[in-house]
Amino acid sequence: MADDVAQRTAAVIGGGPAGLMAAEILSAAGVAVTVYDRMPSVGRKFLMAGRGGLNLTHSEDFDHFVARYGVEADTLRPVLEAFPPAALTAWAEGLGQATFVGSSGRVFPKTMKASPLLRAWLVRLREQGVQFRVRHDWQGWSDDGALRFAAAGETVLVRPDVTVLALGGASWPKLGGDGAWTALLPSDAVAPLRPANAGFTVAWSEVFRDRFAGQPLKNAAFRFVRRARGEATITRYGIEGGAIYAISAALRQTIATHGLATLSIDLRPGITEDALTQNLQKPRGTESMTNYLRKALGLSPLEINLLREAFGVTLDPATLPHRIKHLPLTVTGIQPLERAISTAGGLRFDALDAHLMLRNWPGTFAAGEMLDWEAPTGGYLLQASFATGVAAAKGALAWLAAKDT
């Protein structure tokens, strides 16, 4: 295919994982690629993701993996099949970044950082001839169809043979994506941007908030529509963390409809209710309730006070086992988009063809978080960003070849 598209040019708008992957595929096929980004450097949100260890992907069964993408699982399946987790892992190792699988099944580079991977990647891209134009803010199209950028107070017009839009969502706008691109496309092609993988508001008592804000709630199970086991963190505004993010889509939708949602927390998912009841048969004697529950059930001060927040200061041992397994927590709001880890909504898939080309803009493809999909943290966000970048680039190559023939 490289001979078919020789001398062709491509503009990739957005220097995140999806855009850079599209640039790699296109340039490897012989296309002259220029990456445009409105920030002073590329990969800023990618580097931020690396602060938590850079969870690239996940090693779980592929069908379970795809199911994490919820309502868009069937749409994304062929994209993920074409560039699955094993391919992403092999790609990282091809850049000299060895990986490992953590105890939770998540895949990380052994350095646990994004910066070495990004540096090696940019070297490869430059060796393939990719050019970078930073501080170029895309402003849509001119009347004659040219891409229009604002750069250094001037308007820059570009007329590539093919374009890949990889403009991101609107979470963490200081790192690049601010969602301004939504105003440049028809409103019926874009689903409203909403926070995903964000914390939720809880009306903690002042005493609980002041004492426990910042403390982790470990090894619990959280249920709302689906079950997620893991860790969450108590915050002054409410609760956040990986296990909460796994059920955040359903919580957000219910809050939007009803104004609140009540999830259920199992503080001891590895112990049955009957076993908890048996452990409470030991006489309490003169021990305080806190010490009694700590010794009999291993409950931490945070867990004991969560129970008191839900059921009152006085805890009845007779009802306690059931309450430990079914602790209700009412959330009344989600944190704003700028504080979310990722974005729901975006460019609708029905505005794209099977190769991720915009139906109303032949030769313009889209990839990454700007597309209308969401997934929990745990490797799913980066995997879909990389995979859609690959799919958009291959779609662009096929379109260029079809034009030549």
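Residues: numbered from 1 along the sequence shown. All figures in this text were calculated on a predicted structure; none of them were measured in a lab.
- In this structure a side-chain-to-backbone donor-acceptor pair under 3.5 Å is present from S59 to G105.
- Proximity of a side-chain donor or acceptor of N279 to a complementary backbone N or O of Q281 within less than 3.5 Å is not detected.
- In summary, the aromatic rings of W91 and F83 are positioned with their centroids too far apart to meet the 6.0 Å limit.
- When all heavy atoms of A73 and V66 are compared, the closest pair comes out as CB-O, 3.3 Å.
- The shortest distance between side-chain heavy atoms of L118 and L20 falls below 4.5 Å.
- Under 3.5 Å, the side chains of N197 and T377 contain no donor-acceptor pair of N or O atoms.
- Using a 4.5 Å heavy-atom cutoff, the side chains of Q139 and L147 are not in contact.
- Between the side chain of R135 and the main chain of M39, no donor-acceptor pair closer than 3.5 Å is present.
- No side-chain heavy atom of Y245 sits under 4.5 Å from any side-chain heavy atom of L381.
- Taking the six-membered ring where the residue is Trp, F208 and F212 present tilted rings, their angle falling between 30° and 60°.
- E231 contributes no side-chain N or O that, together with a main-chain N or O of G241, makes up a donor-acceptor pair within less than 3.5 Å.
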* In sequence, state the C-alpha distance, the side-chain angles, and the governing distance for F222 and L217, and then conclude on side-chain contact (heavy atoms from CB on, under 4.5 Å). => CA-CA 11 Å; F222 301 79; L217 178 61; 3.9 Å; yes
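- Each of L397, D404, V33, V162 was checked for a side-chain contact (heavy atoms from CB on, under 4.5 Å) with R8, and the lone residue meeting it is D404.
- Residues E24 and S27 approach most closely at O-OG, 3.2 Å, considering heavy atoms.
- Rounding to the nearest 0.5 angstrom, the gap separating the CE atom in M370 from the CG atom in L193 is 9.5 Å.
- Between atom CD of residue E206 and atom CZ of residue R209 there is a gap of 5.5 Å, rounded to the nearest 0.5 Å.
- Two residues are said to be in side-chain contact when any heavy atoms from C-beta on lie closer than 4.5 Å; R294 and L299 fail this criterion.
- Checking side-chain atoms of D161 against main-chain N and O of T9 turns up a donor-acceptor pair under 3.5 Å.
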* Evaluate the side-chain contact (heavy atoms from CB on, under 4.5 Å) criterion for residues I247 and V225: first the C-alpha distance (whole Å), next the side-chain angles of each, then the deciding distance (0.1 Å), finally the verdict. => CA-CA 8 Å; I247 57 175; V225 178; over 6 Å; no
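- A donor-acceptor contact shorter than 3.5 Å is absent between the side chain of R223 and the backbone of A221.
- Salt bridge absent: D37 and R133 never bring a charged side-chain N and a carboxylate O closer than 4.0 Å.
- Taking CD1 from I239 and CD1 from I244, the interatomic distance works out to 4.0 Å, rounded to the nearest 0.5 Å.
- Nearest heavy atoms, A275 versus I271: CB-CG2, 3.5 Å.
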* Asked: Yes or no on side-chain contact (heavy atoms from CB on, under 4.5 Å) for T99 and T57, after CA distance, side-chain angles and deciding distance?
  -> CA-CA 10 Å; T99 63; T57 187; over 6 Å; no
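- In terms of modelled atom types and a separation under 3.5 Å, the side chain of Y292 and the main chain of L280 share a donor-acceptor contact.
- Comment: E374 engages R252 in a salt bridge, judged by a side-chain N to carboxylate O separation of less than 4.0 angstrom.
- Nearest heavy atoms, A396 versus L26: CB-CD2, 4.0 Å.
- Partners of Y380 by side chain to side chain donor-acceptor pair (under 3.5 Å), not counting sequence neighbours, listed by chain and number: E60, R68.
- In this structure a side-chain-to-backbone donor-acceptor pair under 3.5 Å is missing from R38 to H136.
- Side-chain atoms of W181 do not come within 3.5 Å of backbone N or O of A166 as any donor-acceptor pair.
- The salt bridge (Lys or Arg N to Asp or Glu O under 4.0 Å) check on R159 picks up D144, with sequence neighbours excluded.
- Put simply, OG1 on T201 and CD1 on I255 are 7.5 Å apart, with the number rounded to the nearest 0.5 Å.
- For the pair W204/I234, a side-chain contact is recorded, criterion being any heavy-atom separation below 4.5 Å from C-beta on.
- Put simply, the side chain of F200 does not reach to within 4.5 Å of the side chain of L263, judged on heavy atoms.
- In D210, the CG atom is crowded: over 12 heavy atoms of neighbouring residues, nucleotides or ligands sit closer than 6.0 Å.
- K325 NZ: more than 12 foreign heavy atoms inside a 6.0 Å radius.
- For the residue pair E369 and S385, no side-chain donor N or O sits within less than 3.5 Å of a side-chain acceptor on the partner.
- Considering only heavy atoms from C-beta on, F46 comes within 4.5 Å of L117 through its side chain.
- Annotation: the span from E303 atom CD to I265 atom CD1 amounts to 10.0 Å, rounded to 0.5 Å.
- Applying the ring pair (Phe, Tyr, Trp, His ring centres under 6.0 Å) rule to F100 yields the partners F108; only residues at least two apart in sequence or on another chain are considered.
- Side-chain atoms of L267 and L307, non-hydrogen and from C-beta on, do get closer than 4.5 Å to each other.
- Residue-environment remark: CH2 (W172) stays at or below the threshold of 12 foreign heavy atoms within 6.0 Å.
- Between the R106 side chain and the G378 main chain, no donor and acceptor come within less than 3.5 Å of each other.
- Classified by interplanar angle (parallel below 30°, tilted 30° to 60°, perpendicular above 60°), the ring pair F149/Y36 is parallel.
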* Run the numbers on L276 and L320 for side-chain contact (heavy atoms from CB on, under 4.5 Å), then give the verdict. => CA-CA 9 Å; L276 291 173; L320 199 53; over 6 Å; no
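- Of all the heavy atoms in R194 and P192, the pair that sits closest is NH1-O, 2.9 Å.
- Taking each heavy atom of L347 and A366 in turn, the nearest pair found is CD2-CB, 3.6 Å.
- The structure places CG of L80 at 10.5 Å from OG1 of T75, a figure rounded to the nearest 0.5 Å.
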